[in-house]
Structure formats: structure tokens, C-alpha cells
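Accompanying notes for the structure given below.
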4 protein chains.
Amino acid sequence: MRPIEFRSDNAAPTADYVLEAIAQANSGSAMAYGGDAITAALQQRVSELFEREARIFPVLTGTAANALGLAAMCPPWGAVICHEVGHILTSEAAATAAFGGGIQVTGLPGAGSLLDPTTVAAHLDGVRWDDPHESQPAVLSVTQATELGAVYPLDRIAELVELAAERGLRVHLDGARLANAIAALGCTPARAVAGVTTFTLGATKNGVLSTDAIVTFDDRVADELRFRLKRAGQVASKMRYASAQLLAYLAEDRWIDSARHANAAMRRLAAGVAALGFTIEPQPEANIAFVAMPDEIRQRWSKAGVDFYDLGPGRIRLVTSFATSDADVDDALDRLRGIV
Amino acid sequence: MRPIEFRSDNAAPTADYVLEAIAQANSGSAMAYGGDAITAALQQRVSELFEREARIFPVLTGTAANALGLAAMCPPWGAVICHEVGHILTSEAAATAAFGGGIQVTGLPGAGSLLDPTTVAAHLDGVRWDDPHESQPAVLSVTQATELGAVYPLDRIAELVELAAERGLRVHLDGARLANAIAALGCTPARAVAGVTTFTLGATKNGVLSTDAIVTFDDRVADELRFRLKRAGQVASKMRYASAQLLAYLAEDRWIDSARHANAAMRRLAAGVAALGFTIEPQPEANIAFVAMPDEIRQRWSKAGVDFYDLGPGRIRLVTSFATSDADVDDALDRLRGIV
Amino acid sequence: MRPIEFRSDNAAPTADYVLEAIAQANSGSAMAYGGDAITAALQQRVSELFEREARIFPVLTGTAANALGLAAMCPPWGAVICHEVGHILTSEAAATAAFGGGIQVTGLPGAGSLLDPTTVAAHLDGVRWDDPHESQPAVLSVTQATELGAVYPLDRIAELVELAAERGLRVHLDGARLANAIAALGCTPARAVAGVTTFTLGATKNGVLSTDAIVTFDDRVADELRFRLKRAGQVASKMRYASAQLLAYLAEDRWIDSARHANAAMRRLAAGVAALGFTIEPQPEANIAFVAMPDEIRQRWSKAGVDFYDLGPGRIRLVTSFATSDADVDDALDRLRGIV
Amino acid sequence: MRPIEFRSDNAAPTADYVLEAIAQANSGSAMAYGGDAITAALQQRVSELFEREARIFPVLTGTAANALGLAAMCPPWGAVICHEVGHILTSEAAATAAFGGGIQVTGLPGAGSLLDPTTVAAHLDGVRWDDPHESQPAVLSVTQATELGAVYPLDRIAELVELAAERGLRVHLDGARLANAIAALGCTPARAVAGVTTFTLGATKNGVLSTDAIVTFDDRVADELRFRLKRAGQVASKMRYASAQLLAYLAEDRWIDSARHANAAMRRLAAGVAALGFTIEPQPEANIAFVAMPDEIRQRWSKAGVDFYDLGPGRIRLVTSFATSDADVDDALDRLRGIV
């Protein structure tokens with residue numbers, strides 16, 4: 001039986017338009033390290049897309065994008081506040097501390113995997129400001145969509161941005177699934193990152209071949225990143241190929257369309273799973289869902305060729321991507337129906 | 001007039017077979033982070049090619065490959081010895097110190113851009129061993145071919161390996177142009193890295209799209225690299241595409257053939273330039289040459305569409321690549337002849 | 001009214017015997033950096049005292065002692081588990097991450113400010129072992145006596161040691177108030193650190209002038225510390241004076257006697273405060289107590305010349321030291337009685 | 001025969017006035033971490049002495065003082081230029097790179113162990129400014145007196161300061177033997193550090209018990225140091241004792257008097273050694289001398305109870321200190337005369 005992929009959007013293939021963009025970029029020679037015309041066009045596109053002077057830095061991975069962006073925003077004795085399920089805290093191997101010279105990443109609880117301004121404010125109230133014994137909060141980092149598939153409403157982001165500004169923190173956005181969030185919110189990209197200083201694109205999960213990127217609106221962050229990225233080995237010599245991927249990705253709303261497709265696939269899948277009596281919690285707003293499923297059933301569904309991650313007893317994670325077809329979803333549901 | 005590229009092998013395009021390998025890899029889903037079949041095949045190919053159990057780690061750049069490989073070989077209080085023109089000392093933004101927690105990189109002089117065992121031995125004689133005031137030499141790093149285009153004879157490497165072993169150092173090889181050196185030496189890949197613990201491939205300069213790699217024969221280095229690379233943001237989520245490039249690169253001696261082509265182009269170019277009365281020093285053994293050329297002439301050659309790097313008054317650098325055609329060389333020489 | 005000091009044992013003066021030991025050490029010249037006879041005698045005393053071959057390294061502060069000891073026990077991609085009130089997590093400015101290249105320090109809850117083996121085991125059960133996305137737990141760090149003034153019973157330490165060993169972690173002990181714990185437990189120093197690899201002495205809080213120290217039973221940790229301490233600027237050139245202080249401190253049970261005195265002063269103080277109707281929680285087992293006290297009363301007590309720390313509304317911290325006299329305690333209680 | 005100490009000024013004892021100052025400071029309790037009255041008085045004294053608003057930070061060692069001061073002046077991707085014999089390059093275990101996140105320390109040659117403005121300018125001319133491949137020079141560090149016992153004339157310092165300012169570098173001064181240089185120059189302390197941003201005091205070598213210090217005129221450096229020092233474990237809890245030592249040291253020109261004594265002892269010693277036919281090179285201007293001495297003679301002198309360091313075949317180093325008496329010098333010369 002053909003395998004159906006719901007493990008991770010990282011397991012998806014590359015979108016055809018990305019391969020075409022690479023092929024088109026493959027003509028003649030070009031200045032290395034970003035001194036090429038495609039990278040210049042990408043810089044322009046990013047400022048246009050986010051409706052503000054912006055700088056983009058292609059890097060290999062989301063971990064590099066998060067950790068290096070944060071290291072350029074936060075001093076070594078600073079702290080980054082995020083949700084306690086934050087990828088930067090739980091799944092990036094302390095890269096932010098490693099690149100940032102010992103930055104402390106502090107996780108806070110928050111209902112629905114969203115940071116709660118009240119909780120954040122209470123935490124900041126308890127900080128011994130200006131006391132060198134304690135890492136000083138300097139950045140608030142939100143993940144949009146969250147690691148658990150929730151999407152911050154724009155007014156929640158706005159509240160957090162305002163709170164951060166009042167307390168002297170800047171805002172970073174882990175955009176591992178930014179396109180999915182924008183598709184879910186139905187807003188412009190510019191509105192989605194309003195008040196944010198630096199964010200990541202999450203391009204690889206959404207169809208790109210080999211690159212993620214840091215985008216910043218802050219010149220000082222950008223100036224640091226030029227040096228920080230080089231010494232991190234994150235400046236591709238043949239950068240034109242990374243830039244070509246990202247330029248194609250961000251052109252003509254392709255990134256949003258791909259994410260909208262993935263979100264729709266998840267809605268179809270979640271509806272079908274729920275109709276079969278399984279509890280999905282929280283409600284999937286992007287392309288990830290967490291489902292309560294008895295171990296025997298999940299094992300049989302898995303044996304039936306449906307791939308997903310087990311998250312401890314009785315709980316699985318399902319992820320759709322730009323490449324998930326309706327047939328994938330319907331076949332997977334058929335197989336589950338057969339088991340139930 | 002069409003431009004002719006001699007600035008850098010980093011400015012070259014991607015080889016067609018690499019794009020084909022990527023396209024072939026782009027089918028269905030695959031485990032992220034290297035848990036895919038292509039990466040497994042690459043692991044196997046590397047052990048076969050170097051005739052010894054080896055582990056390969058694709059990373060984005062040569063800087064990442066060098067610095068992370070060295071960080072896994074050398075304690076923070078250790079020193080890495082290299083030639084004073086070594087890329088790791090002069091052109092990698094202190095990445096080895098940054099990733100290695102303050103490793104000291106020490107450059108030694110050496111005729112013809114080669115490390116000289118006598119000089120290295122004298123340096124090591126002067127070390128205050130076991131004295132915590134001084135960074136303790138732990139690794140000897142050779143660049144093959146060198147930054148100035150020379151190729152270490154195999155017996156020179158063997159002497160350095162023996163010296164290093166006697167003094168308790170291990171040997172690292174910056175293989176930014178390893179294929180060019182192997183082509184020049186006419187030896188097997190296995191012989192080229194005999195006695196070396198860890199080395200880099202230099203794949204991007206020689207036709208690959210977006211990846212370099214670390215190869216190590218030491219399991220402890222490999223085990224550390226799994227963690228070091230992750231927190232450096234150097235583990236591609238869709239690793240199958242990096243692995244596909246490297247697998248195609250290392251298959252059927254394509255990497256050596258490409259380098260042999262580049263070396264031959266350089267020989268043709270250097271012979272022509274010398275015939276026009278310019279001094280080339282040292283004799284190019286790989287795909288790089290340094291030429292003494294009066295400023296007026298070099299400016300006119302440059303205006304005639306021949307691209308190269310100026311290295312201070314009266315000195316230029318020429319680099320050929322797998323993509324340099326005989327017509328490129330002959331046209332460039334014609335244009336120079338027209339100026340002289 | 002003369003001030004009475006209950007803010008911190010760091011505010012206490014230096015014991016007379018320490019000044020005498022310094023004066024005695026001040027004769028003629030001595031090898032720098034620990035090559036002197038007093039340091040040699042200290043090394044011997046430490047092995048004798050802890051009934052096992054041990055190495056001691058004087059450093060300036062408890063923060064240095066903790067962070068450098070942990071950095072020598074834990075790889076950069078490792079995690080240190082401690083209680084969520086742990087000084088290394090909350091009050092050392094992320095020094096462990098800074099010295100350790102990005103070590104993650106993870107705080108766990110635990111009743112009475114003690115780590116609970118069940119909670120620790122559950123946390124370790126949830127670790128994705130060998131997954132480079134997650135910092136790998138390598139060290140369990142206990143503070144004895146704790147930051148809140150509790151003392152681990154010996155069998156609790158033994159349980160934690162056993163658990164750590166089963167899971168491949170080693171045990172570190174933050175001994176900021178180790179002498180107070182030993183005095184409270186009435187055990188030998190050797191029993192107090194049974195199963196511990198590396199610990200700190202906490203000498204400054206208990207009467208010494210200018211030095212704390214790291215003690216380790218592990219030769220590899222010791223060998224690393226020689227280098228780590230030098231590059232941390234933590235190897236005193238005139239080390240004989242630091243060693244003389246520590247030798248005097250550890251001689252003839254002076255350190256335990258001083259701590260017993262401080263503990264007794266706290267018992268007297270706590271009994272008096274409780275008799276006046278204030279709640280002390282947890283019960284002070286060493287030389288620290290946390291007291292619920294209405295803000296108006298605490299302000300008046302403070303104005304009456306009794307110095308202590310406010311810990312948010314309605315809560316104060318009292319600390320006694322080797323220098324706290326019965327008169328100090330009784331006078332302070334008299335003044336409080338006058339207010340209540 | 002009684003031993004005579006010429007190994008190092010670090011081997012000297014502590015001056016009596018320092019012990020007295022400690023004893024006087026040992027009265028009652030005092031705020032920890034520098035919140036005490038003695039530290040406040042020290043801050044004031046330093047501004048007065050250097051005739052400019054200054055901030056002083058006591059730290060344990062000269063290595064800590066240099067490395068942390070430099071880390072606060074230079075970004076991780078910056079380079080510090082010093083003389084090729086510079087202590088920060090050769091004898092501090094790469095502490096500057098370790099604390100500074102991978103700062104590169106670059107040594108330049110210079111006659112008489114002095115940095116030469118022409119050589120420095122030529123080096124800076126060769127820098128690829130703003131190119132992230134290369135660590136960007138940000139600080140020029142001079143050692144006064146030098147590691148080989150030479151003293152920079154004030155106009156040489158002024159030239160270097162001017163050159164640094166022109167090129168956008170700031171100036172750091174390793175003052176390991178600053179007092180000896182001031183004594184030799186006969187200038188005011190303020191003139192000795194004119195144009196310097198941050199310097200170290202070198203107090204331990206010149207009579208103090210257990211502390212060196214960083215002094216800076218730059219508020220941003222000072223603000224960073226508050227945090228950098230804490231996380232380096234370099235903020236003494238009972239700081240009053242370190243401050244008391246330094247306050248006594250800097251009071252009434254005691255530090256200059258002590259150094260003048262050491263310099264005079266060296267002149268007496270060097271004159272005597274030269275009179276016996278040994279070559280001293282360079283001429284000792286402070287309290288260090290390097291003497292050519294046949295191995296047989298130096299071994300016999302050593303056996304005669306005169307302690308000094310051998311620096312390879314036929315070369316020894318002699319150092320005097322505040323504690324070297326005329327009798328020490330004369331006795332040592334007598335013993336040498338007996339051998340020759």
C-alpha cells in the first residue's frame with residue numbers, strides 16, 4: 001500500500017517551481033556570497049512584500065535562522081522569553097545559547113500554546129532588572145503558527161508587541177510556519193509581522209529545497225548578521241541558488257498559496273478524523289494536529305501505510321504540507337475507517 | 001564582449017549532473033535530517049571511496065566544514081597549527097575560535113605555501129607543553145591544494161602526519177580543492193587522505209549546488225558532530241537533496257574528472273600567460289595561479305571582459321573551474337595578446 | 001541604634017583565624033599559580049578530609065566554582081538538571097552556559113526546595129535521548145543546603161546519586177552552604193559528598209576573605225580545570241594566600257564549627273520570630289529563614305536597624321552567619337517585640 | 001644559603017600596608033558585591049588619580065582583567081592588535097577569544113618589544129575592511145611596561161593612540177607593570193594612560209594580596225563589564241577586601257613608590273651583571289631583564305640559591321619586585337662573581 005506522509009512538512013518534496021527557478025539561475029557565472037543579481041532582486045522583493053525596508057539573509061536551516069537572528073538581537077547576558085513549548089527552547093539544541101554566548105531562553109506557560117500577555121507581564125514584573133545576577137530579558141519570541149498548530153490572532157501579537165515595547169524588549173518571530181499562519185489569518189504579510197524586528201521564513205517546510213532565511217527591519221541587526229553569519233558558515237558561496245529559491249517562493253503569493261493548500265488538507269483530514277470519533281485538541285488552525293488515539297488503533301493505522309509521529313501513549317501528531325493531495329487525505333481516512 | 005570568469009571557482013555554475021540528481025531525488029516524501037535512503041547510500045559510497053569506515057556530514061559551506069570539524073577535534077584550550085596563508089586563519093572570520101570556544105589558530109611560514117615539517121617541529125619544540133598559560137597544539141591542518149594553488153606531494157603529507165603523531169597532534173585537511181589535488185597527484189582518494197582524521201570535500205567549488213561536507217574516520221569526532229552540527233543549524237531538514245548532490249559528485253570519479261578539467265584549463269591558461277611574458281609564481285599545480293601583471297595591463301584586460309581578482313599592486317589571481325572551456329581560455333589569451 | 005546584619009552571610013566579615021593564616025603565609029617568596037607549599041598542603045588536607053583522593057582548585061567566587069566545575073563535567077550540548085530555585089539557574093547570570101559553550105540548565109520543581117527523585121526520573125523519562133535536537137542531560141546538580149535553607153537528608157542525596165548513575169548522569173553539588181548542611185546533618189564531610197563528582201566549598205560565606213573553591217574526585221575533570229581556570233582568569237598568581245585561607249578554614253573542623261554557630265543563631269532567631277506569631281516556612285534547617293511579615297511591620301523592624309532582604313510583599317529573608325552573636329539575635333528580637 | 005628571588009614579581013609576598021588595610025576593613029558587616037563604602041571610596045580615588053571620570057572593577061587576575069576588558073571593547077568578529085610577544089597572545093590561554101566569543105588576537109613584530117606605528121599602519125592597510133571573511137581590527141592593545149621590560153615613551157603611545165583613532169580602533173593598555181612604567185617615565189598616572197580607553201592595574205605583581213583591576217573611561221564598557229564580570233565569576237562577594245587593597249595601593253603614590261623601588265633594584269642588579277661581562281638585551285627600563293648567560297654558569301648560579309627563569313639555552317630572565325632588597329641584589333651578585 002502506498003505510504004501517506006503526515007510525519008512532518010520537512011519530509012515533503014520540493015515544489016516544481018523551485019526546481020525550475022534553480023535551473024533558470026544556472027546560467028554562466030555569478031559573484032559568490034550574495035553579490036549576484038538574483039540576491040539583489042530578492043532583497044528588493046522582501047522590502048516590497050513586507051511593505052518596509054527589510055534585509056533578508058538566506059541560511060541553511062530554521063535553527064540557524066532563529067539562533068543567529070536572536071544572537072544579533074540579544075546580548076550574551078540577555079534572556080529571550082518564549083512559550084514553554086517553543087522550538088527555540090525545546091528542539092534547537094540550545095543553539096541560541098551557543099551562538100549568543102550564553103543567552104538564557106526562558107519558557108513561560110500559556111493556554112493553547114500561545115503566549116499570554118498577562119503571564120508575560122507577571123514574569124517581567126518579577127525580574128530583578130539591572131541586577132547582573134539575572135539574565136536580563138531583551139527579546140520576546142513568538143512562534144507563528146505555534147509548534148502545536150495554533151495561530152496567534154493579530155490582536156494578540158499586537159498586545160505582545162506593545163507589552164514588549166513598554167518593557168524595553170524587542171520582538172522576534174519564529175516563522176517556521178509563517179505562511180500557514182498568514183493563510184489562516186487572511187492578512188497581508190506586512191500585517192503579520194507588524195511590530196516584529198526580526199523573523200524567519202520557514203521556507204523549507206513549505207516547498208523550498210535547501211534554504212530558510214532571516215528577515216530583519218533593523219539595520220543594526222542586519223549589520224551584525226553579515227559578520228555573524230559568515231563565522232557561522234551560513235553564507236552560501238553560490239548564494240544565487242538559495243536566493244532563486246526564495247525569490248520564486250515569495251513571488252506571486254506562491255508561499256501563501258502553498259500554505260493555504262496545506263491548511264485546507266489539514267482541515268479535511270481533521271474533520272474526517274473527528275468524524276470517526278477521535279478528539280483533536282487544540283483545534284488545528286494551520287497544518288498540524290494533535291489527536292488522541294488509542295495505541296492499538298494508531299499502530300494499525302501506521303501499519304496500513306499512514307506515517308505520523310507518536311507523541312507518547314495515546315497521542316499522535318499529523319502534519320500536512322503543500323504536497324498533500326485530497327487523495328492522500330481520503331485514502332488515509334479510508335484506511336482509518338477500516339480499522340475503527 | 002562576453003565575460004570570461006577567472007575570479008573564483010565559487011562563481012561557477014552548477015554541473016548538469018548535479019541538477020539531474022536533485023530532480024531524481026525529488027520524488028515522494030523522505031525522512032528529514034538525514035534519515036533517508038540517499039543519505040544512507042552516500043555514507044556507504046564515502047567508506048568505499050576512501051577505502052575505510054568513514055562518516056560524512058553535509059554542511060552548507062567550507063567554513064562550516066572546517067570550523068566544526070576542527071571544533072570536534074580540538075579542545076577549547078587547544079591550538080590548531082596551519083600555514084600562515086591558511087584559509088582557516090585568514091578568511092573564515094575566526095569561525096574555528098567561535099565554534100571551538102576560543103581555539104587558537106596559529107599560522108606558520110612555509111615555502112611555496114606548504115607547511116614545512118622542520119618549521120612545524122621547531123614551533124612544537126618551543127611550546128610550553130602542559131602549561132595552561134599557552135593554548136596546547138592539538139591539530140595540524142593542511143590545505144590541499146593550498147590557498148595559493150600548490151599541491152602537497154604525498155610524501156610531504158606523510159612526513160607531516162608522522163610528525164603530528166609523534167607530538168600527539170591529529171591531522172585535519174582543508175579539502176577546499178581536494179579533487180584538484182588528487183587529479184594533480186594522480187593518486188587514489190584514499191591515498192590522498194592517508195593519516196588524516198577529518199577533512200572537508202570542497203564540493204561547491206567543483207560543481208555542486210549548495211553543499212560542502214565533513215568526512216571523518218574517527219567515531220568520536222563523528223559522534224560529537226551529530227550534536228555540534230545540529231546546534232550550528234547545519235543539519236538540513238531535507239538532507240536528501242544535499243546527499244543526492246554529493247552522491248552524484250562522488251560517483252564514477254566525476255569529482256576528479258571535473259577537477260582534472262579545471263587543472264588542465266589552468267595549465268593552458270598559465271602557459272599562454274607565461275608565453276606573453278608574465279611571471280607566474282608559484283607554478284600552478286591545481287586550478288589557481290598568481291600572476292605579476294602591471295596595473296595598466298590588468299585594468300585593460302579586465303575592461304576587455306576578463307574577470308579576475310586584483311591582489312594589491314601588480315598582482316592578480318586567476319582561477320579556473322570545471323566550467324572553464326578551452327574557448328574561454330583562448331579568448332582570454334587573445335584579448336591579453338591584443339593589449340600587450 | 002547599632003545595625004544588626006541578617007541580609008546575607010556574604011555581608012559578614014572575615015574570621016580572625018583567616019587573617020592570621022594570611023599573615024603567616026606572608027613570608028618570603030613562593031612559586032606563583034599554586035606551585036607553593038601551602039597549596040600542596042591544602043591538596044593533602046582535602047583528600048584527608050573527604051577520605052578520598054581529591055583535587056581542590058581555589059577560585060574567586062561561588063559562581064566561578066559552580067560554572068567552571070559544571071563546564072568541566074558537561075559537554076556544550078549537554079543539560080544540567082537542578083531545582084527550579086537553583087542558584088545556578090536563577091542567580092549566576094547564565095555563567096554555566098557562558099563558560100560551557102551553551103549548556104542548558106533545566107530547573108525542576110520539588111517540594112521544600114529539594115529535588116525529588118520521582119520528578120527527576122519523570123523528566124528523564126521524557127528526554128529524547130541521543131536526539132541532537134535536545135540538550136542531553138549529563139549532570140544533576142543539588143544545592144546543599146538549598147537556596148531556601150533546607151538540608152537534603154543523606155538518603156535523599158543517595159537516591160538522587162543512584163538515579164543519576166542509572167541514567168548516565170553525574171552529580172554536582174553546589175556547596176554554597178555545605179558546612180551548614182554538614183553541621184545540621186551531623187555527618188562527616190566525606191559522607192556529605194558521597195556519590196558526588198565535583199562540588200564547591202562556599203568558603204567565603206562562612207568566614208573566609210576572598211576565595212571559594214572547586215573540589216573534584218574525578219581526574220579528567222581536574223585535568224580540564226587546570227586549563228579552564230587559567231583561561232577564565234581564575235588562577236591566582238599569589239595562590240598561597242587563597243590556599244592559606246582554605247587550609248585554615250578546613251583545619252580542625254573550623255568550617256563546621258563556624259557553620260554550627262550560624263545554624264544555632266538561626267534556630268534562636270527563628271524560635272523568637274515564631275514566638276512572636278510570624279510564620280516561617282519552610283522550617284530553617286541551616287542558617288536561612290523565610291518569614292511571612294506584614295509590610296508595615298517589616299518596614300518598622302528595618303528602620304529599627306535590623307537589616308534583611310525583602311522578597312516581595314509580605315515576605316522577608318533572614319540569614320545568620322558565623323559572626324552573628326546571641327546579642328545580635330536577642331536585640332533584633334527585642335526590637336521586633338517592641339513593634340508587634 | 002638563603003634563596004634570592006628573581007623569578008617573577010608574582011612570587012613576591014604582600015606589602016605590609018596591604019595587610020593592614022585588609023585588617024582595617026574587617027569590621028562589622030558590609031553590603032556584598034561592591035555595595036560597600038570602601039569600594040565607593042576606591043571609585044572616587046581612581047577618578048581623582050587619573051584626572052578623569054573613571055570606573056574600576058576589581059577582578060582576581062591580570063588575565064581576567066585583560067580578557068574581560070577586551071571582550072567589552074571588541075565584538076566577537078573583531079580583532080585585537082598587539083605586539084607578537086604580547087601576554088594576551090602568548091600567555092593567557094586564549095582567554096580573550098574565550099570570553100570574547102572568538103575575538104582574533106593578532107601579533108605584530110616591533111623592535112625592542114614595542115609596537116611600531118609604521119608596522120601597525122601597514123598591517124591595517126592590508127586589512128579587507130568590512131569584509132566578513134576577516135576579523136575586523138577594533139582594538140590596539142599595548143603592554144606598558146612590555147613583557148620584555150621595555151617602556152613605551154609617551155610620544156610613542158601618543159602616536160599609536162592617534163593612529164588607532166584615525167582607523168577607528170580604540171586603545172587598551174595591559175598594565176601588568178603600569179606602575180613600573182610610570183616610575184620609569186616620571187609622568188603622572190593620568191598622562192601614562194592618555195588616549196587609552198580601558199586598562200589593567202597589575203596590582204598583584206606590585207605588592208597587593210589577591211586582586212587586579214580593570215579601569216575604564218568609557219561608560220558603555222563599564223556598563224557591559226557589570227554583566228560580563230558577574231557571569232565570569234569575577235565579582236567578589238566580599239568585595240570590600242579587594243577594594244581596601246586597591247585603595248591602599250593607590251593611596252599616596254604607594255604603587256609608584258613600590259615600582260620605583262623595584263626598578264632601582266633592577267638597575268643595580270643589571271649594572272652588576274653587566275659589569276661581570278654578561279650581555280643584557282634590551283636595556284632594562286622597568287623591573288625585568290633578559291641576560292645572555294652560558295648554561296654552565298646559570299646552572300651554578302641557580303644552585304647557589306639564586307632563583308630565575310631559564311628561557312631556552314643561554315638565556316635567563318631576572319625580575320625584581322617591591323620586596324627586593326639591596327642585600328638581595330648584592331648577595332646574588334657576590335654569588336655570581338664567585339662562579340665567574
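By convention in this document, chain letters (A, B, ...) are assigned in the order of the sequence lines, proteins followed by strands, and residues within each chain are numbered from 1.
Applying a 4.5 Å heavy-atom cutoff, none of the residues of residues 307-321 of chain C approach chain A.
Of all heavy-atom pairs between A:P132 and C:A93, the closest is O-CB, 3.1 Å. In terms of heavy-atom proximity, C:A97 sits nearest to A:G102 at CB-CA, 3.9 Å.
Per-residue heavy-atom pair counts under 4.5 Å with chain C were compared for A:A95, A:P76, A:S91, A:A94, and the maximum is reached by A:S91. Top candidate by heavy-atom pairs under 4.5 Å with chain C, chosen from A:Q136, A:R128, A:H87, is A:R128.
Atom CD of C:E296 is surrounded by 12 or fewer heavy atoms from other residues, nucleotides or ligands within 6.0 Å.
For residues 89-141 of chain C, the set of pairs meeting the ring pair (Phe, Tyr, Trp, His ring centres under 6.0 Å) definition, not counting sequence neighbours, comprises B:Y33-C:H133, C:F99-D:F99.
Contacts of A:L89 with chain C are made by both backbone and side-chain atoms, with heavy-atom separations under 4.5 Å. Only the backbone of A:E92 comes within contact range of chain C, with heavy atoms under 4.5 Å apart.
Here C:T96 contributes atom OG1 and A:Q104 contributes atom CD; the two are 10.0 Å apart, rounded to the nearest 0.5 Å.
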